[in-house]
K.L.:
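Here it is: the structure, laid out below.
Just the heavy atoms: all of them, side chains too, but no hydrogens, waters or symmetry mates, feed the values below.
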Amino acid sequence: MAIITVPRVVPSPAEDAAALLKAFQGWGTDEQAVISILAHRDATQRKQIALEYEHKYSESLIQRLQSELSGDFERAVYHWMFDPAERQAVMANAATECIQEEYPVIVEVACTNSSAELVAVKKAYHALYRRSLEEDVAARATGNLRSLLLALVSTYRYDGDDNVDMELARSEAKIVHEAVRRAAAAGGHEELIRVVGTRSKAQLRATFGCFKDEHRGSVTKALPRGDDPTGCPRALRTAVRCVADPSKYFAKVLRNATRESAGTDEDSLTRVVVMHAEKDDMGAICAAFQKRASCTLEQAIAQETSGDYRSFLLALLGS
């Protein structure tokens, strides 16, 4: 289920726009008023507010928010103001600028969306940047990492669970095992990329299950952890985790982002919360986080963040 809470009776877009303008006026911004409005409106309502604000006050609401807010709070609100497909397109574009380090964003977009959702993200990307996501990935990644990411963002997978071929799963589990063995020895990943980049998610889960049954370990643990300069083994592990159990994957990202000993990773924390707060999987992610961390996600955020940034994230989570 989605996490954000929308009031049963919602003010009109004109009323919300006027309340936001009032929050911006005076000696300082009323950040709590901004949170109380924007954190409790769905994507359609936020878009209507932005259109009404621009119509009435002849300025962009997003640009005004950027000028009024700062730091992690500003970045979280900025991304929240886009509709889901545009938001992911914006995040994917930023990730392509430093793709060797930020490849997980591309993998998440490609592997945790449905095929229709991925098409919507790519259409939004093209509309925003007048280039395709594939173009930017091809231009900015290299080697096997480029081959993997292009395969992931270019595929149109069958989304159903009713067409799993167990004979194929057992056959490709053997292919994956041999490919992992060769990759450890020589760095070749072509067969792994072919399998991960073409099969449906249900088929891949069956293959990963057969691999685990046969070899008593997961594909991710079997993949080499050497210093491949392209980052392809790490990206392959990320792709496998995203396909195998996305809720568990995102719970791990959130746990790593909120570990006190390592320092808070605000970029990853913001990305997961903002991208999923109004998606149906956020409840499962929160449950998986609590199982992993022995505390709720809200408790971890309250412990590791502060100020308006903390208030905004907790509001998105329904607190």
K.L.:
Tell me the closest heavy-atom pair linking C232 and L148, and the distance in Å.
P.N.:
O-CD2, 4.3 Å

K.L.:
Between NZ of K252 and OG of S268, what distance do you get to the nearest 0.5 Å?
P.N.:
13.0 Å

K.L.:
Do R237 and T220 get their side chains close enough for a donor-acceptor pair, meaning under 3.5 Å?
P.N.:
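There is no such pair (donor and acceptor under 3.5 Å, judged by atom type) between the side chains of R237 and T220.
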
K.L.:
Is a side-chain N or O of Q203 found less than 3.5 angstrom from the main chain of D165, in a donor-acceptor match?
P.N.:
yes

K.L.:
When hydrophobic residues are tied together by side-chain contacts of less than 4.5 Å, even through go-betweens, does V137 share a cluster with L118?
P.N.:
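No; tracing contacts between hydrophobic side chains, which count when under 4.5 Å, never links both residues.
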
K.L.:
Can you tell if the side chain of Q45 reaches within under 4.5 Å of the side chain of D42, non-hydrogen atoms only?
P.N.:
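Touching, per the 4.5 Å side-chain cut-off.
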
K.L.:
In Å and rounded to the nearest 0.5 Å, what is the CD to OG distance from E31 to S36?
P.N.:
11.5 Å

K.L.:
Look at the side-chain heavy atoms of Ile, Leu, Val, Met, Phe, Trp and Tyr, link any pair under 4.5 Å apart, and say whether L21 and M81 land in one connected group.
P.N.:
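Yes, same cluster.
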
K.L.:
Answer yes or no: is there a side-chain heavy-atom contact under 4.5 Å between R194 and R199?
P.N.:
yes

K.L.:
Would you say that L65 contacts Y78 through its side chain, given a criterion of any heavy-atom pair below 4.5 Å between the two side chains?
P.N.:
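No, too far: nothing below the 4.5 Å cut-off.
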
K.L.:
Between R46 and E278, is there a side-chain N and carboxylate O pair less than 4.0 Å apart?
P.N.:
yes

K.L.:
Any idea which heavy atoms bring C210 and M166 closest together, and the distance?
P.N.:
SG-CE, 3.8 Å

K.L.:
For residues 105-117, please give each side-chain donor-acceptor pair under 3.5 Å, one per line with the distance, not counting sequence neighbours.
P.N.:
unit_1 : atom_1 : unit_2 : atom_2 : d
E108   : OE1    : R271   : NE     : 2.9
E108   : OE2    : Y249   : OH     : 2.7
E108   : OE2    : R271   : NH2    : 2.8
T112   : OG1    : E108   : O      : 2.6
N113   : OD1    : K279   : NZ     : 3.4
N113   : ND2    : Q88    : OE1    : 2.8
N113   : ND2    : V109   : O      : 2.8
S114   : OG     : E117   : N      : 3.1
S114   : OG     : E117   : OE1    : 3.4
S115   : OG     : R157   : N      : 3.0
S115   : OG     : R157   : O      : 2.5
E117   : OE1    : S114   : N      : 2.8

K.L.:
Is there side-chain contact between R234 and L145, with heavy atoms separated by less than 4.5 Å?
P.N.:
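Answer no - side chains too far apart.
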
K.L.:
Looking only at side chains, do H126 and S132 share a donor and an acceptor under 3.5 Å apart?
P.N.:
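No, S132 and H126 have no side-chain donor paired with an acceptor closer than 3.5 Å.
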
K.L.:
Measure across G160 and A202 and return the closest heavy-atom pair with its distance rounded to 0.1 Å.
P.N.:
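What the structure gives for the nearest pair is O-CB, 3.7 Å.
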
K.L.:
Give a yes or no on whether the backbone of A169 and the side-chain of E172 come within a donor-acceptor separation of less than 3.5 Å.
P.N.:
no

K.L.:
Measuring from T305:OG1 to L314:CG, what's the distance to the nearest 0.5 Å?
P.N.:
6.0 Å

K.L.:
Please confirm whether the backbone N or O of F82 pairs with a side-chain atom of R87, one donor and one acceptor, at under 3.5 Å?
P.N.:
yes

K.L.:
Under the criterion salt bridge (Lys or Arg N to Asp or Glu O under 4.0 Å), I'd like the reasoning laid out for R170 against E214: C-alpha separation, chi angles, the key distance, then a yes or no.
P.N.:
CA-CA 9 Å; R170 286 187 285 270; E214 182 69 24; over 6 Å; no

K.L.:
Does the pair H40 and I4 meet the rule for a side-chain contact (heavy atoms from CB on, under 4.5 Å), with working shown?
P.N.:
CA-CA 6 Å; H40 299 286; I4 64 161; over 6 Å; no

K.L.:
Show the atom names and distances, to 0.1 Å, of all donor-acceptor pairs under 3.5 Å that link a side chain in residues 48-59 to residues at least two apart or in another chain.
P.N.:
unit_1 : atom_1 : unit_2 : atom_2 : d
Y53    : OH     : E59    : OE2    : 2.5
E59    : OE2    : R64    : NH1    : 2.8

K.L.:
Is there side-chain contact between Q100 and T142, with heavy atoms separated by less than 4.5 Å?
P.N.:
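SC-SC contact between Q100 and T142 confirmed.
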
K.L.:
Specify the closest pair of heavy atoms between A244 and R205, including all atoms of both residues, with the distance to one decimal.
P.N.:
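Where A244 meets R205 most closely, the heavy atoms are O-NE, 3.6 Å.
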
K.L.:
According to ring-ring contact (aromatic ring centres under 6.0 Å, His included), who are the partners of F208, at least two apart in sequence or on a separate chain?
P.N.:
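With neighbours one apart ignored, the set is empty.
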
K.L.:
Taking atom CG of L38 and atom CG of D16, what is their separation to the nearest 0.5 Å?
P.N.:
8.0 Å

K.L.:
Taking only residues two or more places apart in sequence or in another chain, which ones pass ring-ring contact (aromatic ring centres under 6.0 Å, His included) with F289?
P.N.:
none

K.L.:
Would you call the rings of F312 and F73 parallel, tilted or perpendicular, taking 30° and 60° as the class edges?
P.N.:
perpendicular

K.L.:
Would a 4.5 Å heavy-atom cut-off, applied to side chains only, mark N93 and L128 as touching?
P.N.:
no

K.L.:
Show the nearest heavy-atom pair for residues R41 and V10, with the distance to one decimal.
P.N.:
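Answer, listing the atom of R41 first, then V10: NE-CG1, 3.5 Å.
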
K.L.:
Answer with yes or no whether the hydrophobic clustering places V121 together with L150; edges join I, L, V, M, F, W, Y residues whose side-chain heavy atoms lie under 4.5 Å apart.
P.N.:
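Shared cluster, no.
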
K.L.:
Are any side-chain N or O atoms of S171 and backbone N or O atoms of E167, one a donor and one an acceptor, separated by less than 3.5 Å?
P.N.:
no

K.L.:
In the hydrophobic clustering (ILVMFWY, side-chain contacts below 4.5 Å, transitive), which residues join V119, or is it alone?
P.N.:
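ILVMFWY cluster around V119 also holds Y156.
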
K.L.:
About how many Å separate CD1 of I301 and OG of S311, when rounded to the nearest 0.5 Å?
P.N.:
11.5 Å

K.L.:
Apply salt bridge (Lys or Arg N to Asp or Glu O under 4.0 Å) to E266 and list each qualifying residue two or more places apart in sequence or on a separate chain.
P.N.:
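Partners of E266 by the salt bridge (Lys or Arg N to Asp or Glu O under 4.0 Å) criterion come out as none, since no residue qualifies.
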
K.L.:
If the condition is side chain to side chain donor-acceptor pair (under 3.5 Å), which residues does E101 pass it with, not counting sequence neighbours?
P.N.:
none

K.L.:
Is the backbone N or O of Q25 less than 3.5 Å from a side-chain atom of T29, with the two atoms forming a donor-acceptor pair by type?
P.N.:
no

K.L.:
Go through the structure and list residues passing salt bridge (Lys or Arg N to Asp or Glu O under 4.0 Å) with R292, not counting sequence neighbours.
P.N.:
none

K.L.:
Please name all residues satisfying side chain to side chain contact (heavy atoms under 4.5 Å, CB included) with A288, sequence neighbours left out, ordered by chain then number.
P.N.:
A251

K.L.:
Any idea which heavy atoms bring W80 and A277 closest together, and the distance?
P.N.:
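Where W80 meets A277 most closely, the heavy atoms are CZ3-CB, 4.1 Å.
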
K.L.:
According to salt bridge (Lys or Arg N to Asp or Glu O under 4.0 Å), who are the partners of R75, at least two apart in sequence or on a separate chain?
P.N.:
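Only D72 meet the salt bridge (Lys or Arg N to Asp or Glu O under 4.0 Å) criterion with R75.
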
K.L.:
Just jot down the side chain to side chain donor-acceptor pair (under 3.5 Å) partners of D267, sequence neighbours excluded, or say none.
P.N.:
none

K.L.:
State, with a plain yes or no, whether a side-chain heavy atom of K201 is found less than 4.5 Å away from one of D161.
P.N.:
no

K.L.:
Determine whether I62 and V90 fall in the same hydrophobic cluster, where Ile, Leu, Val, Met, Phe, Trp and Tyr are linked whenever their side-chain heavy atoms lie under 4.5 Å apart.
P.N.:
yes

K.L.:
My understanding is that only residues two or more places apart in sequence, or in another chain, count here; which of them pass side chain to side chain contact (heavy atoms under 4.5 Å, CB included) with Y158?
P.N.:
D162, N163, S200

K.L.:
Between the side chain of T155 and the main-chain N/O of L152, is any donor-acceptor distance below 3.5 Å?
P.N.:
no

K.L.:
Mind checking whether I285 and M91 sit in one hydrophobic cluster, side chains of I, L, V, M, F, W, Y counted as touching below 4.5 Å?
P.N.:
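No, I285 and M91 fall in different hydrophobic clusters.
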
K.L.:
With side chains defined as the heavy atoms from C-beta onward, is the minimum distance between L133 and T96 less than 4.5 Å?
P.N.:
yes

K.L.:
Could you state the interatomic distance from CG (L317) to CD (E298), rounded to the nearest 0.5 Å?
P.N.:
5.0 Å

K.L.:
Where do L297 and M282 land on the side-chain contact (heavy atoms from CB on, under 4.5 Å) test, with the steps shown first?
P.N.:
CA-CA 11 Å; L297 179 56; M282 194 67 217; 3.8 Å; yes

K.L.:
Are E304 and R259 within salt-bridge range, i.e. N to O under 4.0 Å?
P.N.:
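No.
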
K.L.:
Could you tell me whether the side chain of R140 and the main chain of I99 form a donor-acceptor pair under 3.5 Å?
P.N.:
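No.
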
